[in-house]
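Each ligand, and each atom within it, is numbered from 1 in the order the structure gives.
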Amino acid sequence: MEMRLLGLLVVLLVAVVIWLTVQRSQRRRGGPVQRPVNGRVVPPPPEEIPIEDSESFDVWGFRDTQFSVNSGGEVVVEGDRYPLSGKPIPSLFPWFQKQIEVPLDVSDRRPANYGADIPPSRAAESQLAELGALLAEDRCSVDEEERLRHGHGHTQEEMYAIKFGALPRVPDVVVWPIDEEEVIALIDHAKTSDFVLIPYGGGTNVTDALRCPPDEKRIIVSVDMRRMNRILWIDEQNRMACIQAGAIGRQIIDQLADYGFTMGHEPDSVEFSTLGGWISTHASGMKKNRYGNIEDIILDVRVVSPNGVLERSGVAPREAVGVDPRRWMLGSEGGFGIITQAIVRLFPLPEVQEYGSVLFPTFEQGVGFMYDLAQTDGVPASVRLVDNQQFQFGAALKPAPSGWGRFLGKVQKAFVTKGLGFDVNKMVACTLVFEGGREEVRRQEETVYRIASKHGGYKAGPENGRRGYQLTFSIAYIRDFVMNHWVLAESFETSMAWDRILPLCEKVKARVRKEHEARGLPGKPFISCRVTQLYPTGVCVYFYMAFYYKGVERPEHVFAEMERAARSEILAAGGSLSHHHGIGKHRQQFLPEIMSPAILDWHQKTKDSIDPQNVFGGSNQGLGSSPDAKP
Ligand SMILES: Cc1cc2nc3c(=O)[nH]c(=O)nc-3n(C[C@H](O)[C@H](O)[C@H](O)COP(=O)(O)OP(=O)(O)OC[C@H]3O[C@@H](n4cnc5c(N)ncnc54)[C@H](O)[C@@H]3O)c2cc1C
């Protein structure tokens, strides 16, 4: 009798736990998971972002996370969001100061004057009233901080300006449309009222794409799309979803996962960037080997342009229907209109996800491995190869190990250096993410490790792979931290054919060192690279550049000049102007070097005919600046 009662109690307890879990998950997602009607599921709207997940305005990322120095003088990552969070990282500063050959003092912190000198809004009461008539009042703001945040992305120069200088021009008004009718109304109004519209996704671009033309006389309205963030439908059978353009990456991932799907697009900025931003910057995600780049995932795009709505009667897996101007939205950087929604391909959530890592004696051997791997059909979802500087950086970012961790770390290091003869100052690391069916992943692992061993690789285990891969998210916070400690740091990317990789990487590193020396900057620069995306014909490479700037005049300009010099070197060595970050205003000066006058003319004429009043006057790629907006 007692046993039966106990059994009943256990069953009841399990039922309560299941019910509570379901309730919690539904609350998180904003409502119950829907079942299909006419073959399509209509998910509930995502829940409003909770306050604890809100974003910082003055630095990268979530408000609860930042690098700081604890009372013991050690660097720590505040919060508990990432694997690195909450743990002291004692080696970071000592290692970095050896690299740049400047003694760094963790207590020497440059105070920021964020929020100073925000240009006042130029919008008159009557103009605000006009906008207010198109959108409810709480979706139209002249708040200073909102306007400042909407006037920049995440280039080094922009982030330096908001902390230690000022942006000369920011939007006069920020609006948050909630549906396509409001977007249409805004564009119609802008055409007749001489407003400039700049679409805003997550503000994560690294191309100055949101930076306002300083001499623009018209009222600049930033159109923040993030309240158009619904998954409108999911077609489970045909593996497609229609998603509004303002949906943020992490929300898309969470919601699609409820239905057993992913769209597979995961840029490093996925926590904050949006679908519309990905399309208009022509983005690429970390798992592109499996799921493709954004252009492979997008099946259909809906756009409101000054010339009307661009829409199609249906969607098909592939079509040959002449030139489809909607494809021009890829890379349009806000210049042609506002993307309101897109139909994307869906993939079932992978049956398994495994991490892996391999150490190679040299970068050359690592690249050799990548080449052979790229020619097979066994390329994992993500494969990244870091050079020796970044390998060491990753090691310096490790929290202090204790007990067994310290012992095992030492044993592994001794094995790799003494046993295998790897040189700590030459060895490199490759991190791997495998996704797919169990058998598929097993085959990929077999291919990867077989090829790796041919190139002298040492299998370094899943934990190093997981750590290396996930480090990406916390690393994004470092740039703002070191900026306050007199170090400017930023990354820039390119793509190139296989035969260019090694000479190009060497030339760019040498050029950065030369530029640094020529300017008499303190110490040495940090310059490093990693291979991030693979193609049968070549790769994408990221460079990371940093230098100490105390005592340097206008350091943000010096940094930009050096980056431009590095870019010239990249182009001369056969690299591309950008693999996925785009052009914006940051790289537009190089366009005439890579495109014939006829291409640039087509582009400008297209812009002129679609948007003769230059309503979308963000001036990216040098397009459509109104004559009096030119400096
Ligand atoms: C830490 C970090 C990591 C990053 N990692 C990656 C990466 O792995 N891969 C990658 O590709 N990029 C990466 N980026 C760059 C950036 O995240 C991408 O360019 C991203 O696609 C920008 O999206 P967003 O929503 O933030 O757009 P925003 O920055 O808001 O806007 C970018 C441009 O798109 C336009 N735009 C935005 N929404 C719309 C819309 N609905 N209609 C029309 N135009 C629109 C804007 O006007 C602007 O010109 C990274 C950036 C950072 C800071």
Colleague: Kindly indicate whether a cation-pi arrangement holds for Arg63 with Phe57, taking the cut-offs as under 6.0 Å to the six-membered ring centre and within 45° of the axis.
Modeller: yes
Colleague: Short list, please: which atoms of ligand 1 are under 4.0 Å from a heavy atom of Gly201?
Modeller: 25 (O), 28 (P), 30 (O), 37 (C), 38 (N)
Colleague: May I ask whether Gly153 places a heavy atom under 4.0 Å from ligand 1?
Modeller: no
Colleague: Distance-only, no hydrogens or angles: does the Asp387 side chain make a donor-acceptor pair with backbone N or O of Cys529 under 3.5 Å?
Modeller: yes
Colleague: Measure from the side-chain N and O atoms of Thr274 to the backbone N and O of Gly201, and report whether any donor-acceptor pair falls under 3.5 Å.
Modeller: no
Colleague: Just to confirm my output: which protein heavy-atom neighbour is closest to atom 35 (C) of ligand 1, and how far is it?
Modeller: Ser280 OG, 3.1 Å
Colleague: Is a side-chain N or O of Arg230 found less than 3.5 angstrom from the main chain of Pro43, in a donor-acceptor match?
Modeller: yes
Colleague: Answer yes or no: does an N/O atom from Glu333 fall short of 3.5 Å to an N/O atom of ligand 1?
Modeller: yes
Colleague: Yes or no on side chain to side chain donor-acceptor pair (under 3.5 Å) for Glu78 and Ser68, after CA distance, side-chain angles and deciding distance?
Modeller: CA-CA 7 Å; Glu78 289 173 18; Ser68 66; 2.7 Å; yes
Colleague: Got the closest protein heavy atom to atom 7 (C) of ligand 1, with its distance?
Modeller: Pro267 CB, 3.3 Å
Colleague: Does NZ or CZ of Arg227 lie under 6.0 Å from the centre of the six-membered ring of Trp176, at an angle within 45° of the ring axis?
Modeller: yes
Colleague: Decide whether an N or O pair under 3.5 Å exists between Ile339 and ligand 1.
Modeller: yes
Colleague: For Ala476, take its heavy atoms, then give the atoms of ligand 1 lying under 4.0 Å from any of them.
Modeller: 1 (C)
Colleague: Got a donor-acceptor contact below 3.5 angstrom from the Asp296 side chain to the Asn293 backbone?
Modeller: yes
Colleague: Give yes or no for whether the N/O distance cutoff of 3.5 Å, strictly under, is met between Tyr200 and ligand 1.
Modeller: no
Colleague: For ligand 1, is there an N or O atom under 3.5 Å from any N or O atom of Thr281?
Modeller: yes
Colleague: Tell me if the aromatic rings of His579 and Tyr535 count as close, with their centers under 6.0 Å from one another.
Modeller: yes
Colleague: Could you tell me if the ring centre of Phe272 sits under 6.0 Å from that of Phe62?
Modeller: yes
Colleague: Look only at interatomic distance and state if Ser284 has a nitrogen or oxygen under 3.5 Å from any nitrogen or oxygen of ligand 1.
Modeller: yes
Colleague: Which of the numbered atoms in ligand 1 are below 4.0 angstrom from a heavy atom of Asn620?
Modeller: 49 (O)
Colleague: Hey, is ligand 1 close enough to Phe272 that some N/O pair sits below 3.5 Å?
Modeller: no
Colleague: Could you tell me the residue and atom name of the protein heavy atom closest to atom 26 (O) of ligand 1, and the distance to it rounded to 0.1 Å?
Modeller: Thr204 OG1, 2.7 Å
Colleague: Pairs of nitrogen or oxygen atoms closer than 3.5 Å, one from Gly202 and one from ligand 1: do any exist?
Modeller: yes
Colleague: Heavy atoms only: which of Gly277, Gly203, Gly334 lies closest to atom 28 (P) of ligand 1?
Modeller: Gly203
